[in-house]
Each structure stands twice: as structure tokens, then as C-alpha cells.
Amino acid sequence: MRKLKCCRRNPRRKEVNMKTDVAIIGAGPAGLMLGHLLRQAGIEAVILEHRSADYVLSRIRAGILERVTVDLMKELGLDDRMNREGLPHDGFYLADGERMIHIDMKELTGQSVMVYGQTEITQDLMEAAAPRGLEIIYSAEEVALHDVDSDTPHVTFRKDGAEQRLDARFIAGCDGFHGPSRQAFPASVGKAFEKIYPFGWLGILADVPPCNDELIYANHERGFALASMRSKTRSRYYIQVPLSERVEDWPDDQIWDELATRLGPACTENITRGPSIEKSIAPLRSFVFEPLRHGSLFLAGDAAHVVPPTGAKGLNLASSDVAYLSKAFIRYFKKKEEAGLDTYSSTALARIWKAERFSWSLTTLMHRFPDAGAFGRRMQVAELDYIAASRAAQTSIAENYIGLPL
Ligand code: RFL
Ligand code: PHB
């Protein structure tokens with residue numbers, strides 16, 4: 001492991017002191033990608049993660065990579081396995097119980113997305129960290145941020161029972177929706193915008209071939225369903241469930257029955273059932289926190305914004321945030337220019353709000369809302385009719401799905 005810039009033990013307080021350029025909180029995709037981008041430019045970074053490495057790798061989350069994420073892994077020279085094992089997808093379907101509307105992304109925009117799980121990206125980034133001198137401290141407890149409005153912020157935490165302190169020029173809050181970084185903004189500085197949806201997604205992962213070559217997003221009268229995949233032999237499916245549901249109350253067979261009904265006649269017969277290897281319920285939320293900077297503290301990824309997963313945007317927004325933020329840090333450390341730091345928040349937020357809009361609109365179109373009534377349903381049918389018949393509407397969906405330019 002590389003030596004940190006400075007590391008000394010304070011004999012009186014049993015405290016370990018360290019120093020780095022950028023202290024990154026959280027070793028999810030945002031923190032890992034940012035750490036690698038900084039190391040590649042010769043900037044020191046240390047990542048503090050409160051979970052263990054195994055726990056981080058056990059989380060099953062995103063499956064669809066936009067070009068921004070694919071390009072970032074390529075820029076880092078970490079795209080070998082993704083190129084070998086990932087599945088490029090040229091299109092997907094919107095279904096409504098009867099018809100299947102094909103959104104041919106390749107034909108409409110010339111671009112595709114990549115099916116490659118967040119778990120795999122995380123593993124690739126984690127494995128490359130130590131050889132590239134990126135220090136990740138896992139199982140860091142009680143992570144707390146201090147003096148973030150000064151030029152000399154620091155982070156304290158406990159590791160193996162010892163108090164530790166990490167001084168840095170900047171702190172990057174990449175600690176997800178529940179992490180401490182956003183809480184370090186004074187109430188007078190930050191503003192949160194939020195919408196909570198009255199349902200969640202029950203996800204199931206199984207080692208069975210997918211029911212279709214491309215993803216299917218289905219709006220059925222019993223609720224939304226999504227057929228996705230991780231590979232040609234591993235499927236990922238989701239169904240919309242009320243927030244009151246518990247995963248223990250959903251035996252695998254009941255989920256397969258529900259999927260067979262909701263995904264519609266075209267794929268019902270092709271569903272291969274098998275035992276679940278993971279099952280979980282995730283609530284759906286739209287959330288944006290503004291601004292993304294306070295003094296020396298910068299937020300990126302789910303720490304700053306959350307989208308409902310319908311548009312497959314969360315991980316990809318984390319990628320675009322850190323693409324902007326790494327450039328700003330590199331400009332600062334290499335050229336002593338602060339302009340990138342000053343514009344990071346407004347530049348990133350412009351893209352974030354567009355992705356929020358797309359994720360909200362696809363969620364609204366494809367789910368059953370308890371209070372939508374007959375009028376709400378007719379609006380969904382009319383919009384699906386319009387999309388089915390309009391190349392312009394399909395192009396708009398496709399260009400948002402493949403990801404708006406940086
Ligand atoms: P993460 O992945 O939540 O990582 C944050 C890290 O911070 C750590 N942490 C702390 N560390 C130190 N001290 C503390 N006090 C800490 N508190 C938290 C956490 O342990 C964690 O390791 O945020 P990041 O890096 O911003 O990445 C965001 C993505 O994970 C997220 O947006 C996506 O998974 C969302 N998402 C999807 N995104 C896509 O782009 N495409 C998809 O297809 C897609 N599908 C999904 C999704 C999210 C889902 N769920 C479960 C919410 C499907 C689902 C079901
Ligand atoms: C997934 O495969 O987990 C997945 C795919 C597309 C989405 C959300 C999740 O929109």
C-alpha cells in the first residue's frame with residue numbers, strides 16, 4: 001500500500017493523523033471513480049467507507065451504463081472486463097399489457113447503452129485501487145466532517161478502535177443518500193427538492209436466461225414490471241409493490257407469477273423461472289440538493305441527488321458528477337485555477353435536473369399510481385399511443401436514455 005503524504009501517531013491521544021489532497025467519503029461508484037481519476041492525474045486521495053469491502057460488493061443495484069460511464073472506465077484503462085462481458089443494447093421496449101413499443105436507440109440516435117452491473121464496475125474499481133495507489137479505508141466508523149467552510153477541512157473517524165484524523169485540502173462527499181456529507185451543509189446554505197413515490201420496486205436476481213434480448217418496461221393494470229439482465233445467463237426483474245410490502249411475504253413463485261402476468265403475452269412464455277439469489281425492495285424517490293458545494297466540501301452522486309430507477313440514471317449521474325468534479329480538482333492542483341471549482345455546482349446541476357425530469361416522466365408514464373383515477377390512466381394510454389406513432393417522441397426518449405452529453 002502507498003504511503004500517505006503524512007501519517008503520525010499522536011502519543012498522548014492515541015490518534016492517527018493523516019494528510020491527503022482530497023478526502024473522499026464513500027466507496028460507492030462515485031467515490032471510487034473520483035479517487036481513480038484523481039490518482040491518474042497524480043493527485044493524492046483517500047477514501048473512507050463505513051462498510052466492509054464484502055458488504056459494498058454484495059449490494060445489487062444498477063445494470064445499465066450510459067456512454068459517460070463506459071467512457072470513464074475506458075479513460076481509466078479499466079474497461080477490459082466490461083468490453084468482454086458487458087452486453088451492448090441497441091434498444092428497449094415500452095409495453096402496456098398488449099402492445100410492445102420498440103425504442104430503437106441505435107437507429108434513432110446512433111448510440112447504445114451497455115448492460116454491465118454496478119457490482120462488476122465496483123469490483124473492477126476496487127481491485128485496481130491498491131495497485132494504483134488509491135487508499136480505501138473500509139469499516140471506518142463514526143465518520144465526521146469538520147471545518148468544511150475553511151481551506152483546512154478534516155475528517156475524523158474510528159478504525160479498529162483507534163481515533164483517526166484525515167486532513168485534506170478538499171472533501172468530496174460521495175456517501176450516498178444517507179451519508180453525513182450533505183448534513184455538514186449549514187441549513188441556511190442548502191435547499192432540498194424531493195418527491196416520494198407511493199410504491200417501491202421488488203427486485204429479484206436469478207441465474208436464468210433473460211426472457212428477451214432487450215429490456216422491457218411494462219405498465220400493467222396490476223402495476224409496473226421490468227425485465228432486465230446482467231448477462232445471457234443471469235436475469236434481473238422488478239415489480240412495482242406498495243410501500244407496505246415486506247420482501248419476506250414474496251415467495252419466488254409469487255414473483256414469477258406476477259412477472260408473467262405483467263410483462264404481457266409477448267414474453268410470458270419465455271420467462272425461465274429459477275431460485276432467487278437476491279431479493280430486495282427499494283423505495284422510489286426523486287431528490288435534488290442545491291448547491292453541490294459549501295467551502296471545501298463538494299457533493300457527488302446519490303449524496304446530492306436521487307432518481308427513481310426507471311430511467312437507469314443514478315449510477316450514470318454519479319459518473320457525470322465525478323467527471324466534472326475531477327476536472328475541477330485537477331485544474332486546481334495542477335494550475336492553481338479555481339474556476340472549475342466555482343462552476344462545478346451549476347454545471348453538474350444542469351445535467352442532473354434533466355436526468356431528474358426524464359426519470360420522473362418515465363416513472364409517471366409506466367407506473368400505476370393509487371390516486372391517478374381514470375383520467376390519469378387515460379393520460380398514460382394517450383401518451384403511449386403518441387410515442388408508438390411518433391418518431392420524434394421515440395427519439396426524445398432514446399436520447400435521454402442513452403444519456404445527454406456532458
Ligand atoms: P452509493 O452507491 O450509495 O455509495 C455511497 C457509499 O457511501 C458509503 N457511506 C459511508 N461511508 C462512510 N461513512 C458514512 N457515514 C457513510 N454512509 C454511507 C456507503 O456505504 C456507500 O458505499 O452512492 P454513489 O457512489 O453516489 O452511487 C450511486 C448509485 O449507487 C445509484 O445511483 C444507482 O445504484 C442507482 N440505480 C441505477 N443507476 C443507474 O445508473 N442505472 C440503473 O440501472 C440503476 N438501477 C439503481 C438501480 C438503484 C437501485 N436501488 C437499490 C436504489 C436499481 C435499483 C434497485
Ligand atoms: C437493472 O438491471 O437493475 C435495471 C435496469 C434498468 C433500469 C433499472 C434497473 O431502468
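Numbers here are sequence positions counted from 1. Everything quoted here is computed from the prediction, not taken from an experiment.
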Q: As an exercise, state the distance from CG of Asp90 to CG of Asp213, rounded to the nearest 0.5 Å.
A: 11.0 Å
Q: Asp104 side chain to Glu107 main-chain N or O, any donor-acceptor pair under 3.5 Å?
A: yes
Q: Could you walk me through whether Thr156 and His146 pass side-chain hydrogen bond (donor to acceptor under 3.5 Å, both in side chains), step by step?
A: CA-CA 8 Å; Thr156 54; His146 308 273; 2.7 Å; yes
Q: Please evaluate residues Thr119 and Arg61 with respect to the criterion side-chain hydrogen bond (donor to acceptor under 3.5 Å, both in side chains), reporting the C-alpha separation (whole Å), side-chain torsions for both, the decisive distance (0.1 Å), and the verdict.
A: CA-CA 7 Å; Thr119 316; Arg61 287 185 170 179; over 6 Å; no
Q: Assess, by modelled atom type and distance only, whether the side chains of Tyr324 and Thr343 contain a donor and an acceptor separated by less than 3.5 Å.
A: no
Q: For residues Ser231 and Glu85, determine if any side-chain heavy atom of one lies less than 4.5 Å from a side-chain heavy atom of the other.
A: no
Q: Please step through side-chain hydrogen bond (donor to acceptor under 3.5 Å, both in side chains) for the pair Tyr116 and Thr69, ending with a clear verdict.
A: CA-CA 11 Å; Tyr116 189 65; Thr69 308; over 6 Å; no
Q: Give a yes or no answer on whether the side chain of Thr20 reaches the backbone of Ala23 with a donor-acceptor pair at less than 3.5 Å.
A: no
Q: Ignoring hydrogens and geometry, is there a side-chain-to-backbone donor-acceptor pair from Thr233 to Val208 under 3.5 Å?
A: no
Q: Supply the atom-to-atom distance Ser181 OG to Ile25 CD1, rounded to the nearest 0.5 angstrom.
A: 5.0 Å
Q: Would you say Ser345's side chain and Pro291's backbone share a donor-acceptor pair under 3.5 angstrom?
A: no
Q: For Ser396 and Ala392, indicate whether the former's side chain and the latter's backbone hold a donor-acceptor pair under 3.5 Å.
A: no
Q: Under 4.5 Å between any side-chain heavy atoms of Asp80 and Asp124, yes or no?
A: no
Q: Do you know the tightest heavy-atom contact between Val322 and Ala300?
A: CG1-CB, 4.1 Å
Q: On a heavy-atom basis, which atom in Leu243 and which in Gly200 lie closest, and how many Å separate them?
A: CD2-N, 4.0 Å
Q: Measure the spacing between CG of Leu215 and CZ of Phe92 and express it to the nearest 0.5 Å.
A: 8.5 Å
Q: Would you mind reporting whether Phe199 and Phe369 have side-chain heavy atoms less than 4.5 Å apart?
A: yes
Q: So that I can tick it off, tell me whether Asp71 and Lys74 are bridged by a salt bridge, with the cut-off set at under 4.0 angstrom between side-chain N and carboxylate O.
A: no
Q: Could you give me the CA-CA distance, side-chain angles and deciding distance for Glu258 and Gln254, then say whether side-chain hydrogen bond (donor to acceptor under 3.5 Å, both in side chains) is met?
A: CA-CA 6 Å; Glu258 205 61 46; Gln254 198 181 332; 5.6 Å; no
Q: Does any N or O in the side chain of Asp147 come within less than 3.5 Å of the main-chain N or O of Pro153, such that one atom is a donor and the other an acceptor?
A: no
Q: Can a donor-acceptor pair be found between the side chains of Asp321 and His305 at a distance below 3.5 Å?
A: yes
Q: Testing the basics here: between Arg99 and Val381, what is the closest heavy-atom pair and its distance to 0.1 Å?
A: NH2-O, 3.8 Å
Q: Looking only at heavy atoms, what is the nearest atom pair of Val307 and Gly314, with distance?
A: CG2-N, 3.6 Å
Q: Cationic tip of Lys354 within the cone over Phe358's six-membered ring, i.e. under 6.0 Å and within 45° of the normal?
A: no
Q: Regarding Glu75 and Lys327, does a basic nitrogen lie under 4.0 Å from an acidic carboxylate oxygen?
A: no
Q: For His220, is there any backbone N or O sitting under 3.5 Å from a side-chain donor or acceptor partner on Arg368?
A: yes
Q: Step through the shown structure and confirm whether more than 12 heavy atoms of other residues, nucleotides or ligands are within 6.0 Å of CD on Glu248.
A: yes
Q: Quick one: are the ring centres of Tyr138 and Tyr55 less than 6.0 Å apart?
A: no
Q: Would you say the side chain of Arg67 lies within less than 4.5 Å of the side chain of Ile402, judging by non-hydrogen atoms?
A: no
Q: Which word best sums up how the rings of His294 and Phe185 line up, parallel for under 30°, tilted for 30 to 60°, or perpendicular for over 60°?
A: tilted
Q: Tell me whether Glu383 is salt-bridged to Arg378, with the criterion being a basic N under 4.0 Å from an acidic carboxylate O.
A: no
Q: To the nearest 0.5 angstrom, please state how far the OH atom of Tyr401 sits from the CG atom of Leu362.
A: 8.5 Å
Q: With the threshold set at 4.0 Å, does a side-chain nitrogen-carboxylate oxygen contact exist between Asp342 and Arg293?
A: yes
Q: Any Lys/Arg nitrogen of Lys313 or Glu66 sitting under 4.0 Å from an Asp/Glu carboxylate oxygen of the other?
A: yes
Q: Answer yes when Asp252 and Lys279 have at least one side-chain N-carboxylate O distance shorter than 4.0 Å, and no when they do not.
A: yes
Q: Strictly below 4.0 Å, N to O, side chains only: are Glu194 and Arg285 in salt-bridge contact?
A: yes
Q: Parallel, tilted or perpendicular: which fits the ring planes of Trp201 and Phe224, with parallel below 30° and perpendicular above 60°?
A: parallel
Q: So, for Gly173 and Leu297, which heavy atoms are closest and what is the spacing to 0.1 Å?
A: N-CD1, 4.1 Å
Q: Taking only Lys NZ, Arg NE, NH1 and NH2, and the carboxylate oxygens of Asp or Glu, determine whether Glu278 and Arg236 approach each other closer than 4.0 Å.
A: yes
Q: Quick check: do Arg59 and Gln118 have side-chain heavy atoms less than 4.5 Å from each other?
A: no
Q: Quick one: are Leu125 and Met33 in side-chain contact, heavy atoms under 4.5 Å?
A: yes
Q: Atom CH2 of residue position Trp360 - does it have more than 12 heavy atoms of other residues, nucleotides or ligands inside 6.0 Å?
A: no
Q: I'd like to check Ile171 versus His154 (side-chain heavy atoms, cut-off strictly below 4.5 Å). Are they in contact?
A: no
Q: Please determine if Asp167 and Arg165 form a salt bridge, counting it only when a charged side-chain N lies under 4.0 Å from a carboxylate O.
A: yes
Q: What residue among Leu134, Ile47, Leu325 forms side-chain contact (heavy atoms from CB on, under 4.5 Å) with Leu34?
A: Leu325
Q: Can the ring centres of Tyr332 and Tyr344 be said to be less than 6.0 Å apart?
A: no
Q: Quick check: does any side chain N or O of Arg351 sit under 3.5 Å from a backbone N or O of Leu404, one acting as donor and the other as acceptor?
A: yes
Q: Among residues at least two apart in sequence or on other chains, which ones pass side chain to side chain donor-acceptor pair (under 3.5 Å) with Asp149?
A: none
Q: Between Arg158 and Glu163, is any pair of side-chain heavy atoms under 4.5 Å apart?
A: yes
Q: Looking only at heavy atoms, which two atoms of Thr109 and Ala398 are closest? And how far apart?
A: CG2-CB, 3.7 Å
Q: Going through the distances and angles, do Trp353 and Glu290 end up as a side chain to side chain contact (heavy atoms under 4.5 Å, CB included)?
A: CA-CA 11 Å; Trp353 274 113; Glu290 293 184 347; 2.7 Å; yes
Q: Apply the test ring pair (Phe, Tyr, Trp, His ring centres under 6.0 Å) to residues Phe177 and Phe289: give CA-CA distance (whole Å), side-chain angles for both, the deciding distance (0.1 Å), then the verdict.
A: CA-CA 10 Å; Phe177 183 69; Phe289 185 83; over 10 Å; no
Q: Going by atom types only, do His102 and Glu214 share a side-chain donor-acceptor pair under 3.5 Å?
A: yes
Q: Could you check whether any side-chain N or O of Gln380 sits under 3.5 Å from a backbone N or O of His367, counting only pairs where one atom can act as donor and the other as acceptor?
A: yes
Q: Passes salt bridge (charged side-chain N to carboxylate O under 4.0 Å, His left out), Asp21 versus Arg169? Steps please.
A: CA-CA 5 Å; Asp21 292 327; Arg169 173 62 192 88; over 6 Å; no
Q: Has the side chain of Arg230 got a donor or acceptor atom that lies under 3.5 Å from a matching backbone atom of Ser235?
A: no
